[in-house]
*Asks:* 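Sending over a structure as structure tokens; questions will come in a sec.
Numbering of residues begins at 1 and proceeds along the displayed sequence. When reading the values below, keep in mind they use all heavy atoms of this one structure, side chains included, and skip hydrogens, waters and symmetry mates.
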Amino acid sequence: MLFKNDISNCRIILYTLEGHEQIADTYIKRFDSNRDIGVVDAYNFEKIGSQKVTALVFNKTGLIECNGTLRDGFGLEKEICFFKTNVKNDRGATRYDVNMMGNIVAVLKKDSGSIEKDIFQCHVENMSATGVLIKTPSERLKIGDVPSITCYKDGHKMQIVAEIVRIHTTSVQEDKFGCRIVKLVSS
């Protein structure tokens, strides 16, 4: 048993094990915890054959990188037989493009200790098991601030609380922020 809880209805992004090319961005329809097998809809990638894959599972309590075997299921379904999980806790954790729009609904300001509830849009560009890269309007956040982010993809909601650890100024109008994930909840 690789997972501590049920991963049914969790978002999953599948990549080829060799070459790390994205195969699918979908949701786990069913999960058999006794056999560590998940079932996903394959309508967007039904022609992909059986192969070893790397998967990023947006678990209800965090982000898990794991390996498995993708194989045909019934109809337009594919099965993923999970055989290894990786919880990475360092900067070397693999980054995955997630491309999710969202809102920063609150920010705990490092300077004052106050919580600002000024809602503004953000774009979650990529994630790893321990961090997230977001893009926001310029000069809205500083290193040490802790934004609370709500983002959506295909009808599923994810809430991320993260601490800003790096700023990458990209233009006069927007900045990118490297963040350490404090809490992640997917629903």
Side-chain angles (χ1 to χ4, degrees), residues 1-103 122-135 149-162 179-187:
M1 191 191 287
L2 295 175
F3 296 94
K4 293 180 182 173
N5 52 22
D6 186 16
I7 57 171
S8 297
N9 299 314
C10 291
R11 181 178 176 201
I12 184 171
I13 303 176
L14 299 172
Y15 298 88
T16 59
L17 194 60
E18 302 292 325
H20 201 67
E21 295 176 31
Q22 185 172 325
I23 297 171
D25 186 344
T26 187
Y27 292 88
I28 298 171
K29 289 173 64 173
R30 296 181 303 281
F31 180 67
D32 181 343
S33 61
N34 293 323
R35 299 185 309 145
D36 287 324
I37 294 176
V39 175
V40 297
D41 277 322
Y43 61 88
N44 288 329
F45 63 104
E46 68 271 1
K47 294 182 181 176
I48 301 291
S50 295
Q51 62 182 288
K52 303 268 190 252
V53 295
T54 296
L56 187 66
V57 178
F58 293 78
N59 195 353
K60 291 172 178 52
T61 58
L63 195 63
I64 298 173
E65 180 185 2
C66 49
N67 295 334
T69 302
L70 180 68
R71 61 187 184 204
D72 289 333
F74 296 105
L76 285 178
E77 293 180 338
K78 297 251 185 210
E79 292 183 341
I80 303 158
C81 181
F82 298 102
F83 59 82
K84 181 180 177 187
T85 60
N86 302 317
V87 178
K88 297 189 175 182
N89 294 318
D90 59 1
R91 178 67 176 108
T94 306
R95 302 264 177 233
Y96 296 92
D97 293 329
V98 293
N99 191 29
M100 299 182 339
M101 294 305 297
N103 293 309
C122 70
H123 178 245
V124 179
E125 291 192 357
N126 66 50
M127 294 179 79
S128 74
T130 59
V132 62
L133 180 67
I134 61 173
K135 182 169 46 174
I149 306 161
T150 300
C151 41
Y152 302 89
K153 181 106 176 186
D154 300 329
H156 284 67
K157 180 170 87 170
M158 182 179 301
Q159 296 173 303
I160 306 165
V161 177
C179 309
R180 179 184 58 82
I181 294 174
V182 176
K183 181 179 179 183
L184 183 141
V185 178
S186 181
S187 57

*Asks:* In Å, rounded to the nearest 0.5 Å, how long is the span from CD of E18 to NZ of K52?
*Replies:* 11.0 Å
*Asks:* Restricting to salt bridge (charged side-chain N to carboxylate O under 4.0 Å, His left out), what partner residues turn up for E77, sequence neighbours left out?
*Replies:* K29, R30
*Asks:* So how far is it from D32 CG to E79 CD, rounded to the nearest 0.5 Å?
*Replies:* 9.5 Å
*Asks:* Could you check whether any side-chain heavy atom of I160 comes within less than 4.5 Å of a side-chain heavy atom of L184, counting everything from C-beta outward?
*Replies:* yes
*Asks:* Supply the atom-to-atom distance M158 CE to T150 OG1, rounded to the nearest 0.5 angstrom.
*Replies:* 11.0 Å
*Asks:* May I ask you to test the F82-I64 pair for a side-chain heavy-atom distance under 4.5 Å?
*Replies:* no
*Asks:* Quick one: which of I80, V40, V39 gives a side chain to side chain contact (heavy atoms under 4.5 Å, CB included) with I28?
*Replies:* V40
*Asks:* To the closest 0.5 Å, what do you measure between CG (D36) and SG (C66)?
*Replies:* 9.5 Å
*Asks:* Considering only residues two or more places apart or on different chains, which pairs with a residue in residues 25-52 satisfy ring pair (Phe, Tyr, Trp, His ring centres under 6.0 Å)?
*Replies:* F3-F31, Y27-H156
*Asks:* Is there a side-chain contact between T26 and N44, using heavy atoms and a 4.5 Å cut-off?
*Replies:* no
*Asks:* Do L17 and Q51 have side chains that get closer than 4.5 Å, going by heavy atoms?
*Replies:* no
*Asks:* Any idea which heavy atoms bring N103 and C122 closest together, and the distance?
*Replies:* N-SG, 4.2 Å
*Asks:* Nearest heavy-atom pair of C10 and V57: which atoms, and what distance?
*Replies:* CB-CG1, 4.3 Å
*Asks:* For M100 and Y152, which heavy atoms make the closest approach, and how far apart are they?
*Replies:* CB-O, 4.2 Å
*Asks:* Using side-chain heavy atoms (C-beta onward) and a distance below 4.5 Å, is D72 in contact with K78?
*Replies:* yes
*Asks:* Once you round to the nearest 0.5 Å, how far does CD1 of I149 lie from CD1 of I134?
*Replies:* 4.0 Å
*Asks:* Taking C-beta and beyond as the side chain, do N99 and H123 meet within less than 4.5 Å on heavy atoms?
*Replies:* yes
*Asks:* For V98 and R11, run side chain to side chain contact (heavy atoms under 4.5 Å, CB included): C-alpha distance rounded to whole Å, both residues' side-chain angles, the deciding distance at 0.1 Å, then the answer.
*Replies:* CA-CA 11 Å; V98 293; R11 181 178 176 201; 4.0 Å; yes
*Asks:* Find the distance between CG (L56) and CG (L14) and round it off to the nearest 0.5 Å.
*Replies:* 9.5 Å
*Asks:* Would a distance-only check, ignoring hydrogens and angles, find a side-chain to backbone donor-acceptor pair under 3.5 Å from T54 to Y15?
*Replies:* no
*Asks:* Taking C-beta and beyond as the side chain, do L76 and D41 meet within less than 4.5 Å on heavy atoms?
*Replies:* no
